[in-house]
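Residue numbers start at 1 and run along the sequence shown. Owing to the predicted nature of the structure, the values given are computational and were not obtained by experimental measurement. Side-chain atoms are counted along with the backbone in the values below, which use heavy atoms only and exclude waters and symmetry mates. Whatever order the structure lists them in is the order used to number ligands and atoms, beginning at 1.
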Amino acid sequence: MQVLVLNAGSSSVKFKLFSAKIWSVVASGMIENIFEPISTVYFNTKYKQHVYSEKIGTHANAIELLLKMLISHQVIVAFEELDAVGHRVVHGGDLFHKAVLITPEVKNKIASFAPLAPLHNPINLEGMLAVESMIENVPQVAVFDTAFHHTIPSYAHRYALPNFLYEDLGIRRYGFHGTSHHYVASQTAKAMGKKIHELAMITLHLGNGASVCAVKGGKSIDTSMGMTPLEGLMMGSRSGDIDPGVIFYLMNHTQMNANDIEHLLNTQSGLKGIAGTNDMRKIEERINQNDPLAILAMEMFVYRIIKYIGAYAVALGHLDALVFTGGIGEHSAKTREAICTKLTLFGVQIDTYLNQQNNTLCRSIHDPSSKIALWVTPTDEELSIAKETVQIINRL
Ligand code: ADP
């Protein structure tokens with residue numbers, strides 16, 4: 001069985017083609033900068049890596065190109081060889097608590113959540129339609145970023161706003177990165193030789209987008225992203241938590257309108273707002289040269305994370321493991337060390353030698369004396385989506 005996974009971001013599409021028997025990756029790649037005059041296409045097979053520059057223009061064009069490349073690079077002979085397509089869908093509102101087969105009704109519902117995720121849900125739909133137009137009758141499955149968080153209790157997912165805003169407009173915390181939090185929590189439990197149902201964990205997905213999740217007995221009980229992926233941690237270019245009063249102040253005292261402020265908070269803030277770059281590698285280099293803004297950016301990034309860890313440890317009532325994932329979580333030993341050395345209250349002891357080892361395996365980085373296990377667990381959202389897709393297809 002061959003399963004294609006499509007992960008459409010606001011200006012990119014990532015894909016992986018899996019052979020579902022042994023979950024090996026047959027081909028993978030990405031098209032980035034879709035709306036720019038020139039996009040970049042990365043297409044990897046088992047034997048070769050290709051990089052092209054091309055004008056793409058839309059997500060539908062990008063997906064059509066990727067599908068055609070599967071044939072032109074002889075990964076498959078015909079589209080009929082694809083048994084299913086799994087899509088990462090960002091917002092499932094409070095309707096989708098697990099992955100579903102894509103039907104006309106499901107597409108309508110995903111479209112109805114577009115106001116909650118205007119940069120993502122419309123392009124997720126565009127991807128589904130592009131596949132339909134190229135491959136007749138291939139089953140498609142939607143896997144929602146929000147689904148894992150449906151177990152968050154009301155007292156944690158409601159905002160302290162008038163009830164009608166929740167009832168009429170669905171304004172509440174939904175949370176995102178759910179596939180990743182669920183995947184790394186499960187992988188870590190396995191690596192610890194424990195059942196996930198027995199564990200209390202905090203998972204830290206630290207990439208360009210960043211979020212924390214409190215996972216109790218395998219279920220999300222709280223997460224830092226909210227109705228949109230803007231709330232919570234300081235991120236690559238997103239502000240995370242701010243006083244909402246800042247928005248009114250900007251509207252009343254500058255020329256900025258709501259769109260300008262949304263753009264500012266999503267794309268000009270976070271690490272980029274403080275240090276001028278969202279690239280943690282560059283920030284680390286500048287910290288080594290004593291650059292004060294790079295030092296401040298890292299201090300702020302870490303401080304926000306430890307505040308959430310403190311809060312979620314209390315919410316969980318007990319903590320067995322802290323799990324790092326995402327580009328920064330998996331690769332930045334400096335960030336992990338800065339976080340862990342501030343958690344001595346919880347009896348956390350990082351092993352600095354293990355922490356410095358750079359590999360791509362799921363690995364522990366704590367000292368034997370640590371009261372809380374520390375793990376670096378690489379995320380694989382595409383694999384997780386492929387597995388959920390196969391589960392749905394097998395039930396048909
Ligand atoms: P996205 O949310 O876009 O998928 P990623 O999970 O790829 O993002 O994470 C991107 C972040 O990871 C960037 O800040 C990048 O600088 C950081 N990163 C990647 N590799 C390293 C590394 N070796 N050391 C430090 N930071 C890294």
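For the side-chain hydrogen bond (donor to acceptor under 3.5 Å, both in side chains) with Ser211, the lone residue among His149, Glu231, His181 that qualifies is His181.
Side chains of His366 and Gln349: no donor on one and acceptor on the other come within 3.5 Å. Defined by atom type and a distance below 3.5 Å, a donor-acceptor pair is present between the side-chain atoms of Thr377 and Thr188. No hydrogens or angles considered: nothing links the side chains of Glu54 and Ser39 as a donor-acceptor pair under 3.5 Å.
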Pairs under 3.5 angstrom, nitrogen or oxygen on both sides, ligand 1 versus protein: list them out, please.
residue  : atom   : partner : partner atom : Å
ligand 1 : 2 (O)  : Asn208  : N            : 3.0
ligand 1 : 2 (O)  : Gly209  : N            : 3.4
ligand 1 : 3 (O)  : Asn208  : ND2          : 3.2
ligand 1 : 6 (O)  : Gly327  : N            : 2.9
ligand 1 : 8 (O)  : Asn208  : N            : 3.1
ligand 1 : 12 (O) : Ile328  : N            : 3.3
ligand 1 : 14 (O) : Asn278  : O            : 3.2
ligand 1 : 14 (O) : Met280  : N            : 3.1
ligand 1 : 16 (O) : Asp279  : OD1          : 2.6
ligand 1 : 16 (O) : Met280  : N            : 2.9
ligand 1 : 16 (O) : Arg281  : N            : 3.4

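Tyr159 does not carry Arg172 over the face of its six-membered ring by the limits of under 6.0 Å from the centre and within 45° of the normal.
Remark: Gln255 CD is loosely packed, at most 12 non-hydrogen atoms of other residues, nucleotides or ligands lying under 6.0 Å away.
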